[in-house]
Trainee: 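There's a structure below that I have some questions on.
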Amino acid sequence: MEQLIPQIVFYTFSLAMVLSAIAVITVRNPVYAALFLILAFVTCACIWMLLEAEFLAITLVLVYVGAVMVLFLFVVMMLDINMDLVQQRFARYLPVSLLVAVIMLIEMLMVVAAKNFTVELFPMPAPHPLGYSNTEALGELLYTKYLFAFEVAAVILVVAIIAAITLTLRKRPNTRHQDPSKQVQVKKEDRLRVVKVETDTEYGKHT
Amino acid sequence: MMDHLMALGWILIKILAITIPLILAVAFLTLAERRVIGAMQVRIGPNRVGPWGLFQPFADVIKLLMKEVILPAKSNRFLFVLAPMLTLIPALVAWAVIPFEEGMVLAQIDAGLLYVLALTSVGVYGVIIAGWASNSKYAFLGAMRSAAQIVSYEIAMGFALVGVLVAAGSLNLTEIVLGQQGGIWNWYFIPLFPLFIIYFISGVAETNRAPFDVAEGESEIVAGFHVEYSGAAFALFFLGEYANMILISLLAALMFMGGWLSPLEAVPGIEGTFLAAPSIVWLLLKTMFFLFLFLWFRATFPRYRYDQIMRLGWKVFIPITIVWILVVALFVVKQWLWWAP
């Protein structure tokens, strides 16, 4: 019983994950593909949760599902993709893509080869005691043992952000545009002038 | 076997004990909104159904359920029906880690704060999918606005929560509240004041409430993402939005205003009485205060323009939060704290 429930949960989520991952690359509609990718991420997070990696699992949902895929969907929904054209190009790019695929397959096989993943090498991890904080353990490792790698990753990300911004930033000199920062700082005195107008009417003089 | 079933049944009872009062709260919040805004605009508001209009929400629910659910001919049926559920489910699931009092929590998990943040960000899919599946220009525009807005404000909100986490030294919501013990000056809204303000404003933006409700924008895009919805499906969107409002208010109370701790905790003369004791009543009162702010904002502020929303999120809130996280971190490292870490 103790073993059975986690196994049922594991196989259910693994099946869902593998099927949705296959669906990502087989469905025609790009919006469906993005939605299946989200499903794959969520099921993957559930499997990580089974491994007691709750920090990583929640972060996966937070970062990939909550932010990255929202932007993905944002772009994909705006595209008007002509699937016939995509299929025509399929044959043309086939040799190059096959080469890349074969290289990636060899690389993956070298890492995920059966001899690297035997039961002897990976014994069942002992469950952590009740007060064990995954977040704290991860933080400690990240800021002590892997501090240098962590900082390098941060620098690379900052460079990537700046590069992406400079690539998309174009200044077109002759366009008119609003500057909301200036607009919100406008005071009543800048725009409004209360004028007292003396009026003459047939009933007399009003001021 | 029996033990497992018992445990499961107990969890189900707890879930019902959270969701049923929550749904009732949503029902009466809609009434409160109409009455409060009515009073602010010198109107009466609904007062005909039952005493003081108290049965109005039930009349509304019955009306919505009796209406026909219309599926637009060119819509994507499956996603169109799925979208309202995707709005409501994360809004309800997030309540699993909310502590109502010390020990009164469904799931005592260590990464509670992250869990809540993750689920509130997942809620945007309901809006995006609704907009796309409706196959309508207005709905689609609303969905795009909502996606951009939520992604932008989530960053500011996340950074505000990082400030709380630095001050409390824990991601567990119960421990965050217990870290604020010892009187009102220990509550995190004082040392984290800018983050508190930014958190609440981002919360208003995340729930698509006025003045950040460009996703609905009645005057330009009719009703935005839910323009094609009717009847029960429309009611689900509403339920999700109001459940999220209550969640954001409750979280603001937990993280910045001492949760269930009494504001009179350290006042001399009343120690030991019910006024100084921590209780769920304080938490609910604080939540109601924040909910009142939601309604007040709606009655007061005109809707932001889309580019102004983006400017506020990216150019004002995110820099302020980053600076204040550094300030708080400095306070914690140098031990310049009057509150206990």
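Here the structure is a predicted model, which means the values were calculated and not measured. Both backbone and side-chain heavy atoms feed into the values below; hydrogens, waters and symmetry mates do not. Chain identifiers are assigned alphabetically (A, B, ...) following the order of the sequence lines, protein sequences preceding nucleic acid strands; residue numbering begins at 1 within each chain.
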Trainee: If we check side-chain contact (heavy atoms from CB on, under 4.5 Å) with A/Ile58, which of these qualifies: B/Val116, B/Leu114, B/Leu117?
Mentor: B/Leu114

Trainee: Checking B/Ile155 against chain A: side chain, backbone, both or neither under 4.5 Å from a heavy atom?
Mentor: neither

Trainee: Mind ranking B/Val122, B/Val316, B/Asp307 by heavy-atom pairs under 4.5 Å with chain A and telling me who comes out on top?
Mentor: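 Option with the greatest count: B/Asp307.
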
Trainee: Give a yes or no on whether B/Phe140 atom CZ has more than 12 heavy-atom contacts from other residues, nucleotides or ligands under 6.0 Å away.
Mentor: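 For B/Phe140, atom CZ is crowded (more than 12 foreign heavy atoms under 6.0 Å).
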
Trainee: If I take atom CZ from residue B/Arg305 and atom CD from residue A/Gln178, how far apart are they, to the nearest 0.5 angstrom?
Mentor: 4.5 Å

Trainee: Would one find more than 12 heavy atoms of other residues, nucleotides or ligands at under 6.0 Å from atom OH of B/Tyr138?
Mentor: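 Open.
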
Trainee: Is B/Leu171 close to chain A through its backbone or its side chain, or both, or neither, when contacts mean heavy atoms under 4.5 Å?
Mentor: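 Contact with chain A is through the side chain of B/Leu171 alone.
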
Trainee: Is A/Leu35 close to chain B through its backbone or its side chain, or both, or neither, when contacts mean heavy atoms under 4.5 Å?
Mentor: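 Interface part for A/Leu35: side chain.
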
Trainee: What distance separates A/Gln183 CD from B/Gln308 CD, expressed to the nearest 0.5 Å?
Mentor: 6.5 Å

Trainee: Decide if atom CZ of B/Phe80 counts as having more than 12 heavy atoms of other residues, nucleotides or ligands within a radius under 6.0 Å.
Mentor: yes

Trainee: Please state whether the side chain, the backbone, both or neither of B/Ala143 comes within less than 4.5 Å of a heavy atom of chain A.
Mentor: neither

Trainee: Which heavy atom in A/Leu62 sits nearest to a heavy atom in B/Ser121, and how many Å separate them?
Mentor: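 That would be CD1-OG, 3.9 Å.
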
Trainee: Quick one: does B/Tyr125's side chain have a donor or acceptor within less than 3.5 Å of a partner on A/Val65's backbone?
Mentor: yes

Trainee: With side chains defined as the heavy atoms from C-beta onward, is the minimum distance between A/Val76 and B/Trp132 less than 4.5 Å?
Mentor: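 When only atoms from C-beta onward are counted, B/Trp132 and A/Val76 do not touch, as no gap falls below 4.5 Å.
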
Trainee: Would you mind checking which part of A/Val42 comes under 4.5 Å of any heavy atom in chain B, side chain (CB onward), backbone (N, CA, C, O), both or neither?
Mentor: neither

Trainee: Do you know the tightest heavy-atom contact between A/Ala67 and B/Val151?
Mentor: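 A/Ala67 and B/Val151 have their closest heavy atoms at O-CG2, 4.4 Å.
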
Trainee: Check B/Glu154 against A/Gly66 and note the closest heavy-atom contact, atom names and distance.
Mentor: OE2-O, 3.8 Å

Trainee: For B/Asn172, which atoms come within 4.5 Å of any heavy atom of chain A: side chain, backbone, both, or neither?
Mentor: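 Neither; nothing under 4.5 Å.
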
Trainee: Does a side-chain heavy-atom distance below 4.5 Å link B/Ile128 with A/Phe74?
Mentor: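 Not in contact.
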
Trainee: More than 12 heavy atoms of other residues, nucleotides or ligands under 6.0 Å from OH of A/Tyr32: yes or no?
Mentor: yes

Trainee: A side-chain contact here means heavy atoms from C-beta on lying under 4.5 Å apart; do A/Val184 and B/Arg311 qualify?
Mentor: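 SC-SC contact between A/Val184 and B/Arg311 confirmed.
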
Trainee: For A/Phe41, look at atom CZ and say whether over 12 heavy atoms of other residues, nucleotides or ligands are found less than 6.0 Å away.
Mentor: yes

